[in-house]
Number of protein chains: 2
Amino acid sequence: MGLRIDNGIRSVVDMNSTENDETTAVDPPDTRERILIEASRLLAVNGYHGTTTREIAAAVGISQPSLFFHFPTKRAIAEELYKHDLLPAVAGLERLVEADASPAAKLYAMICGEITRIVNSPYDMRAHISYEVLNDPDLALFQDLVNQFDDLTHSLIRSGQESGEFAEGDSWLAQQMVSALLARANLFATTDHLKRHSHPDEAATLILRSLLAEPDALEGVRRDAMVLLPLYDERSV
Amino acid sequence: MGLRIDNGIRSVVDMNSTENDETTAVDPPDTRERILIEASRLLAVNGYHGTTTREIAAAVGISQPSLFFHFPTKRAIAEELYKHDLLPAVAGLERLVEADASPAAKLYAMICGEITRIVNSPYDMRAHISYEVLNDPDLALFQDLVNQFDDLTHSLIRSGQESGEFAEGDSWLAQQMVSALLARANLFATTDHLKRHSHPDEAATLILRSLLAEPDALEGVRRDAMVLLPLYDERSV
DNA sequence: GTCTATAACCGGATAGAC
DNA sequence: GTCTATCCGGTTATAGAC
């Protein structure tokens, strides 16, 4: 079958594809896709209420009403962006949780996979988990998705503590630290510090060192996580 | 003096005063103070652009134009809140940095002191470091303050790495983890999980375990930090 | 698919009475 | 200090031509 180009920006699929077929060479983003890209930048910087449809249209280079040919409402633009970010994350973490491996390896793989995904995303998702968005009753779907992700992370930490692989401690606080670091990773991705200087592994190492009961176990965890990592990526399942 | 119950909110003035005269016993929040409290909640949830002066006024129980008797603009309300949050943080961290102690103890004391301060604040400061606010050119003052805080944290981590007290690693990433956790602490404070179940020490422990080259050094670091802690609090200098 | 013109609304802020 | 009434600029979204 081969990878289809989904007409857009180098879709996520393309960026990560291990082999390219010759048809993917050109790949000019259509208007709809350019709207999503520019909107993601503006939403990240100015927030949902701080971003106007005029600004998005100007960034794309079309008139403000032309936006409404491609999307029914401003909200629909934001929804598509948030879904693009959150659905693969929840699905990937669910696959990891069900896998046969230690909680530490699963957590390590999740952090690596998630940061890799964020860095490779064509969109700027810094704002995806702003309180402003999560508390908007009209965007309740995303509260659910974020809560699902957080709950899965929390249960991973709990079961690691129960098996003795992780040190005892407030599992809720630990989960918040993981989720805070991942939210921050969206910022790394655009300041491009992460792209140039840092590795997903470093973030995972930082978290695991703080959780593991036995620091020397880290190398083994890393090896197990590398085997698990493809599971997190929807293309490889 | 004795502990007064603060009916609701302890006013900022009271919290920081080293000595109380007897006239402060009752402490009914005046309108101006109530505006700040309600505005902090709404700003935290809906963001700056997502919060209207009409909503703030309704929460306080006055008419919308009455706000403008107490504050010249909507922005002035936000500015006062952000200053209240950021000025003591930067000043406290500066005092810690200049103190005579190990970087690890200073970092531990900062995290403890900062979370304690957040939990005790009468305001809900969840939104204080949203990109929406930090990127607003009219609020550039706060970018400076946040950058100062982050730079001081970063230099603390760097010098700990240079002395061998901390493990090698990306100091920028480590600083981001600290700052992300503290930003999240503003959320803890209102979900009141932190107030009930968690201790500032747990957060500091979580971070230090991930940074220390020698995990067994943690107990000594904690003891040194406890001596340092009063330095962070402006009331005790 | 994109445009111009515009409807309908909501935002911050002011005027002036009490 | 607080109110009612109001101004005015900016915002989302629609209508209809090309």
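In what follows, chains are A, B, ... by sequence order, proteins preceding strands, each numbered from 1. Note that these values count all heavy atoms, side chains included, but never hydrogens, waters or copies made by symmetry.
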Q. Does any residue of residues 70-78 of chain B have a heavy atom under 4.0 Å from DNA chain D, and if so, which ones, in number order?
A. B/His70
Tabulate protein N/O versus nucleotide N/O from nucleotides 3-5 of chain C, keeping only pairs under 3.5 Å, one per line.
unit_1	atom_1	unit_2	atom_2	d
C/dC3	OP2	A/Ser63	N	2.5
C/dC3	OP2	A/Ser63	OG	2.8
C/dC3	OP2	A/Ser66	OG	2.7

Q) For B/Phe68 and D/dA5, what is the distance between atoms CZ and P respectively, to the nearest whole Å? A) 18 Å
Q) Which pairs pass salt bridge (charged side-chain N to carboxylate O under 4.0 Å, His left out) with one or both residues in residues 57-71 of chain A, sequence neighbours excluded? A) none
Q | Distance, rounded to the nearest Å, where A/Tyr48 contributes OH and D/dT11 contributes C1' | A | 11 Å
Q) Reckon A/Thr31 has a side-chain N or O less than 4.0 Å from the OP1 or OP2 of C/dT2? A) yes
(Q) Under the rule for side-chain hydrogen bond (donor to acceptor under 3.5 Å, both in side chains), what residues qualify as partners of B/Gln176, not counting sequence neighbours? (A) A/Arg184
Q) Is the phosphate of D/dT12, meaning OP1 or OP2, less than 4.0 Å from a side-chain N or O of A/Arg54? A) no
Q) Rounded to whole angstrom units, what separation is found between the CG atom of B/Leu67 and the P atom of D/dT2? A) 10 Å
Q.
Taking Watson-Crick (N1-N3 plus N6-O4 or O6-N4) and G-U wobble (N1-O2, O6-N3), each under 3.5 Å, can you produce the dot-bracket string of DNA chain C? Use [ ] for crossing pairs and | for inter-strand ones.
A. ||||||||||.|||||||
**Q.** Distance, rounded to the nearest Å, where A/His49 contributes NE2 and C/dC9 contributes C1'
**A.** 16 Å
Could you list the donor-acceptor pairs under 3.5 angstrom formed between side-chain atoms of residues 73-80 of chain A and any protein atom two or more places apart in sequence or on another chain?
unit_1	atom_1	unit_2	atom_2	d
A/Thr73	OG1	A/Arg75	N	3.4
A/Thr73	OG1	A/Ala76	N	3.1
A/Lys74	NZ	A/Tyr48	O	2.9
A/Lys74	NZ	A/Thr51	O	2.7
A/Arg75	NH2	A/Asp138	OD2	3.3
A/Glu80	OE1	A/Arg32	NH2	2.5
A/Glu80	OE2	A/Arg32	NH2	2.6

**Q.** Between NE2 on residue B/His84 and OH on residue B/Tyr123, distance to nearest 0.5 Å
**A.** 5.5 Å
